[in-house]
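Have a look at the structure below before the remarks.
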Protein chains: 2
Amino acid sequence: MTKQKALMLSIFRSDFCHGKHRTADEILAYAKDLMPGISRATVYNNLKELAKEGIIRRISGDDGADLYDSDTALHGHLICSVCKGVRDVGAPRLFEDLKRISGEDIEAYELKLRYVCESCRHQNLN
Amino acid sequence: MTKQKALMLSIFRSDFCHGKHRTADEILAYAKDLMPGISRATVYNNLKELAKEGIIRRISGDDGADLYDSDTALHGHLICSVCKGVRDVGAPRLFEDLKRISGEDIEAYELKLRYVCESCRHQNLN
DNA sequence: TAGTTTTTTTGGACTTTGTCTAAAAACATT
DNA sequence: AATGTTTTTAGACAAAGTCCAAAAAAACTA
């Protein structure tokens, strides 16, 4: 356990990550604020490591950049087509439903649902 | 309608793409075989265009490269964790299920299911 | 059809995201 | 403290994709 890895862990437990989805670059910038000397490679290494250990979850973002989610429970994501905002959709039954529908023994899933969020829907009425 | 765009359309209708998921680079290489002078930017432009027009579907691949699918009907993908092979899972009811579960008026979804495919499962028994 | 306007293509530079490497530093173990 | 292992570091590198301004092609107009 190095100082750098400990920092990463604390970042993922902090409000900066709580309930949010962060890119590697956002994590890097934040980590540099707290530990200016930290290297990009270290942040990337640890992100990979933490994801492999199951401490965080890596999901593929919309624009090419991967996102990291400190909520490791299997869940889907509602993505607003307008503002790109992300909301979790935790569906306890969803996993079982997907197994049944696919007829396979699914290990995990990644689900993105496109919609228009409440506030964007209202904006659009103007 | 330019010659280049017509070529792209024909590629997506051909066996090269039928039932498969192709990266931009694979499409580019194939297009260059048929029209050597075609530019990378043109292929990328047209991929974006065709996706916007709904003629093809863009899905985010596993390794960072986006994939293009000529099957535009909403469907999910079964991805083998071992060999990375992709199988479609077309579920007519899935879309409605997802709307119901999320409680939102979903426009589209993107679904990846991780599993181990038949042949990889057998290999593993050795 | 000729001339004009609009759209598309082109090639290359550029950006973003991420990986790799070899040397240095930190860590763990005894 | 000495040793061996692991991690970090900086920078080079790579892949995937975007952006740009000039040239070419297409579409439009009269």
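By convention in this document, chain letters (A, B, ...) are assigned in the order of the sequence lines, proteins followed by strands, and residues within each chain are numbered from 1. Note that the structure is predicted; figures quoted are calculated from it, not measured.
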Open item on the list: Any heavy-atom pair between the side chains of A:Tyr115 and A:Ser81 that's under 4.5 Å?
Closed with: no

Task: For DNA chain D, the residues among residues 1-8 of chain A that have a non-hydrogen atom under 4.0 Å from it - done: A:Thr2, A:Gln4, A:Lys5

Open item on the list: Less than 4.0 angstrom from a charged side-chain N to a carboxylate O is my criterion; do B:Asp62 and B:Arg114 meet it?
Closed with: yes

TODO: Evaluate the ring planes of B:His75 and B:His21, with Trp represented by its six-membered ring, and classify them as parallel (under 30°), tilted (30 to 60°) or perpendicular (over 60°).
DONE: tilted

Task: A:Asn46 side chain, from C-beta outward: closest of C:dG18, D:dG17, D:dT8 - done: D:dT8

- [ ] Can you tell me the distance, in whole Å, between the CD atom of B:Glu26 and the C1' atom of D:dG17?
- [x] 16 Å

Open item on the list: Output the rounded distance in Å from CG (B:Asp25) to C1' (D:dT18).
Closed with: 14 Å

Open item on the list: Rounded to whole Å, how long is the line connecting atom CG of A:Leu47 with atom P of C:dT17?
Closed with: 13 Å

TODO: Using a cut-off of strictly less than 4.0 Å between a heavy atom of the residue and any atom of DNA chain D, enumerate the qualifying residues of residues 36-45 of chain B by number.
DONE: B:Arg40, B:Ala41, B:Tyr44

TODO: Let me know the distance between CG of B:Leu28 and P of D:dG17, rounded to the nearest Å.
DONE: 11 Å

Task: B:Arg87 and A:Glu104 ion-paired at < 4.0 Å - done: yes

TODO: Take the protein atom CD of B:Glu49 and the nucleotide atom C1' of D:dG17, then report the distance between them rounded to whole Å.
DONE: 17 Å

Task: For atom CE of A:Met35 and atom P of D:dA10, their distance in whole Å - done: 12 Å

Task: Spacing between A:Ile27 atom CD1 and C:dG18 atom C1', to the nearest angstrom - done: 15 Å

Open item on the list: Between A:Leu50 and A:Lys5, is the side-chain contact (heavy atoms from CB on, under 4.5 Å) condition met? List the steps.
Closed with: CA-CA 9 Å; A:Leu50 293 174; A:Lys5 190 168 180 183; 4.0 Å; yes

TODO: Evaluate the side-chain proximity of A:Leu47 to A:Phe12: yes if any heavy-atom separation is below 4.5 Å, no if none is.
DONE: yes

- [ ] Indicate yes or no: at least one non-hydrogen side-chain atom of A:Val89 is less than 4.5 angstrom from one of A:Leu94.
- [x] no

TODO: Check A:Arg22 against A:Cys17 and note the closest heavy-atom contact, atom names and distance.
DONE: CG-SG, 3.9 Å

Task: Contact list for DNA chain D against residues 59-67 of chain B - heavy-atom distance below 4.0 Å - done: B:Ala65, B:Asp66

Open item on the list: Please determine whether a side-chain nitrogen of the Lys or Arg among B:Asp66 and B:Lys48 lies less than 4.0 Å from a carboxylate oxygen of the Asp or Glu.
Closed with: no

Task: Side-chain heavy-atom pair B:Arg57, B:Asp71 within 4.5 angstrom cut-off - done: no

Open item on the list: Under 6.0 Å from the ring centre and within 45 degrees of the ring axis: does the NZ or CZ of B:Lys99 meet both conditions for the six-membered ring of B:Phe95?
Closed with: yes

